[in-house]
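The model shown is predicted, which means the values in this text are computed figures rather than measured ones.
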Amino acid sequence: SGSSRYSMEQPLVQHPRDYLQHRSVDGSSTSTDESDTLDISVKRPIMNQSLPTTTTVSNTGQSDTKRRGNLVSLYRRSSVFSKDDPISSKSKPIASKQRLRVEPKSHFANERTFIQWISVALLFITFSQLLYILGSSNPDIEGQAAIAGTWMIAMSLFIASYALVIYYRRVYLMQNGKPYGYADFFGPGLLTFAVISGVALILAYSGEVRFGTASTMTPVSGQCMKRSLSGVPVMELQPSGALVDDKEGLLLVPSLNRIVAFGAALPLEGKNDQQARIVATVPGANMEALEQVGNYIYALSEGTDKRSEIIALEWIDSSLDGNFDGASSRRLQESHRWNISLQGVEGMALVPEGQLGEGSVAKLLVAGILMEPTKNGLVEVLSIDAFDQDSFDFSQTKLDNTSKLNKKLVAKGLTDEKVGSMQFFEDRLYVLFDNERVIRVFDPKTGLIIQELILPIAEAGAEKEWEGMRLQRINKEAGAGLRGASESKVVLHLALDSPAQVWSLSLQHEEGRWVMPQCAGVYKYRIVLT
């Protein structure tokens, strides 16, 4: 009834015509009918070989029933589908032993990976150098920072060596056509650990954690005392400095054209109600700092133009009502004024002879600002002028500075160079940077920064208003059981500009450093960035 064509697609292998045979009862084999011309392809899992085109099993001139029977018979008798066939449907593919073809871009990718690893190693060397700088600028952390820097250098060398080994290993695998061994399971973990350790060390020794813990000060008897301002007009006060006159037993605080006096010692809680009193009123003055020079009190007055003044004051017995009552009748009276060519003056300190170097004379340091020309116009910069103590001639009205301090050394690493107060105390020069909330301690003979004290917070919003400081050592005799023994402590007096406040804090000495009491809210000193 007409011929039809059947096809069965089985890819990969062609069998010869006489591959399939019928077996008789006596064991002899006979070929299939000559009219059955069959080419059967069986799927075989051979890797890296191109797939042949699908062959077609055709049989022409046979009836549909006969052809179907032949196909079923062939299926049953074929050894390809027997259980003993070594290549069955359940067999696993076998990797080819032929070499893989490696494209040139694979080598370029390997080189880019190596360069990225080297970049990470260089980044860790940069971290190590930063740690070395932090350690060299502050002796307190020099040892720890050096260890951390050495650790970072070791990590960078290990990363570079590891990257080189991985690079040549992958080159070998590609040159030999290896299909495996390219995955790196150890490298990402090593890199993650190195980055985390590096960031942790940087944070531990840099500005992110150098301020410690800070909170508002809490008054505690004998440690943190807020001075009573009773007896003076608080609304007219603007404290901007501090000076302890040991002979008079007073803490003097300048405020605009007045000087307010408090008791010099650290007051106890029950004795803090002593009234403050005004001991001087200087017309036309805007006093920012006080310093004791011989029998005189020098007041630094900020001028309205490009000049400022140094005013000499001396104690006299005076009474407004003619009645003298001892110490309460002692007042400061103006004796002389000198003009200096420095504006924006804030701090003043007297450095004894020999303290600024061998053979140096006694100098009065005055911190102010100068207008320095730049590409963007005039800019205010810090200037610390030095005046020889012998140059203060009461017959003259003008003073010229004899030298200057290196302001780059004094304010190195600070964003704002403004100086609020200065003091020379026990062979050290203390400089208060109010906008930076820090007191720097210098060795004046070497210029090294010994320590930085973080200023406390007296009131929220007034963190940068500290404009006066004065250190005072108080010696007390011990009990009768300790013959000849004495107890000594250092008190830090601080003056807050706005709102007007005066605090006295008892400092603690730990490991060669001054530490604020716990009630000050600042427990750590800052790591120096130079």
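- Taking every heavy atom of both residues into account, Pro254 and Ala242 meet most closely at CD-N, 4.0 Å.
- Side chains of Met469 and Tyr430 form a contact here, defined as non-hydrogen atoms less than 4.5 Å apart.
- When atom types are taken as modelled, the side chain of Ser240 and the backbone of Leu256 share no donor-acceptor pair closer than 3.5 angstrom.
- Side-chain contact check for Gln223 versus Gln518: every heavy-atom pair is 4.5 Å or farther apart.
- Annotation: side chain to side chain donor-acceptor pair (under 3.5 Å) contacts involving residues 492-503, sequence neighbours excluded, comprise Gln238-Asp497, Glu459-Gln501, Gln472-His493, His493-Ser504, Gln501-Trp503.
- Between Arg437 and Glu463 no salt bridge is recorded (no basic side-chain N to carboxylate O distance below 4.0 Å).
- The OH atom of Tyr162 lies 10.0 Å from the CG atom of Leu191; values are rounded to the nearest 0.5 Å.
- Remark: the backbone N or O of Glu353 is not paired with any side-chain donor or acceptor of Gln355 at under 3.5 angstrom.
- Arg473 meets the salt bridge (Lys or Arg N to Asp or Glu O under 4.0 Å) test with Glu426; sequence neighbours excluded.
- Here Leu364 contributes atom CG and Glu291 contributes atom CD; the two are 7.0 Å apart, rounded to the nearest 0.5 Å.
- Residues satisfying the ring pair (Phe, Tyr, Trp, His ring centres under 6.0 Å) criterion with Phe442, sequence neighbours excluded, are absent altogether.
- Using a distance-only test at 3.5 Å, with no hydrogens or angles considered, no donor-acceptor pair links the side chain of Ser161 to the main chain of Phe158.
- Under the rule for a side-chain contact (heavy atoms from CB on, under 4.5 Å), the partners of Asp416 that lie at least two apart in sequence or sit in another chain are Lys418, Asn435, Glu436.
- With sequence neighbours excluded, the residues forming a salt bridge (Lys or Arg N to Asp or Glu O under 4.0 Å) with Lys105 are Glu103, listed by chain and number.
- Take Lys407 and apply the salt bridge (Lys or Arg N to Asp or Glu O under 4.0 Å) test, not counting sequence neighbours, and it matches Glu417.
- Counting only distance, with no hydrogens or angles, the side chain of Ser301 and the backbone of Ile310 share no donor-acceptor pair below 3.5 Å.
- In this structure the side chain of Leu300 never reaches within 4.5 angstrom of the side chain of Leu290, judged on heavy atoms.
- In terms of heavy-atom proximity, Ala411 sits nearest to Arg440 at C-NH1, 3.7 Å.
- For the side-chain contact (heavy atoms from CB on, under 4.5 Å) criterion with Val260, the lone passing option out of Leu252, Leu250, Val502, Leu237 is Leu237.
- Between the side chains of Tyr132 and Thr150, a donor-acceptor pair is found at a separation under 3.5 Å.
- Under 3.5 Å, the side chains of Trp338 and Tyr298 contain no donor-acceptor pair of N or O atoms.
- Leu342 is listed as a side-chain neighbour of Leu370, based on a closest heavy-atom distance under 4.5 Å.
- With sequence neighbours excluded, the residues that form a salt bridge (Lys or Arg N to Asp or Glu O under 4.0 Å) with Asp388 are Lys363.
- The shortest side-chain heavy-atom distance between Val441 and Arg513 does not fall under the 4.5 Å cut-off.
- The shortest distance between side-chain heavy atoms of Val515 and Leu507 does not fall below 4.5 Å.
- Side-chain N or O atoms of Ser156 include none that pairs as donor or acceptor with a backbone N or O of Leu123 at under 3.5 Å.
- With sequence neighbours excluded, no residue forms a side-chain hydrogen bond (donor to acceptor under 3.5 Å, both in side chains) with Glu358.
- Annotation: side-chain hydrogen bond (donor to acceptor under 3.5 Å, both in side chains) contacts of Thr126 (sequence neighbours excluded): none.
- Judged by distance alone, with hydrogens and angles left aside, the side-chain atoms of Gln423 form a donor-acceptor pair with the main-chain N or O of Leu471 at under 3.5 Å.
- For Tyr167, there are no side-chain hydrogen bond (donor to acceptor under 3.5 Å, both in side chains) partners two or more places apart in sequence or in a different chain.
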Note to self: Please evaluate residues Leu365 and Leu429 with respect to the criterion side-chain contact (heavy atoms from CB on, under 4.5 Å), reporting the C-alpha separation (whole Å), side-chain torsions for both, the decisive distance (0.1 Å), and the verdict.
What the structure shows: CA-CA 10 Å; Leu365 305 180; Leu429 179 62; 4.2 Å; yes
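- Taking the ring pair (Phe, Tyr, Trp, His ring centres under 6.0 Å) definition, one finds that Phe185 meets it with nothing, sequence neighbours left out.
- Asp385 pairs by the side-chain hydrogen bond (donor to acceptor under 3.5 Å, both in side chains) definition with Ser383, Lys404, not counting sequence neighbours.
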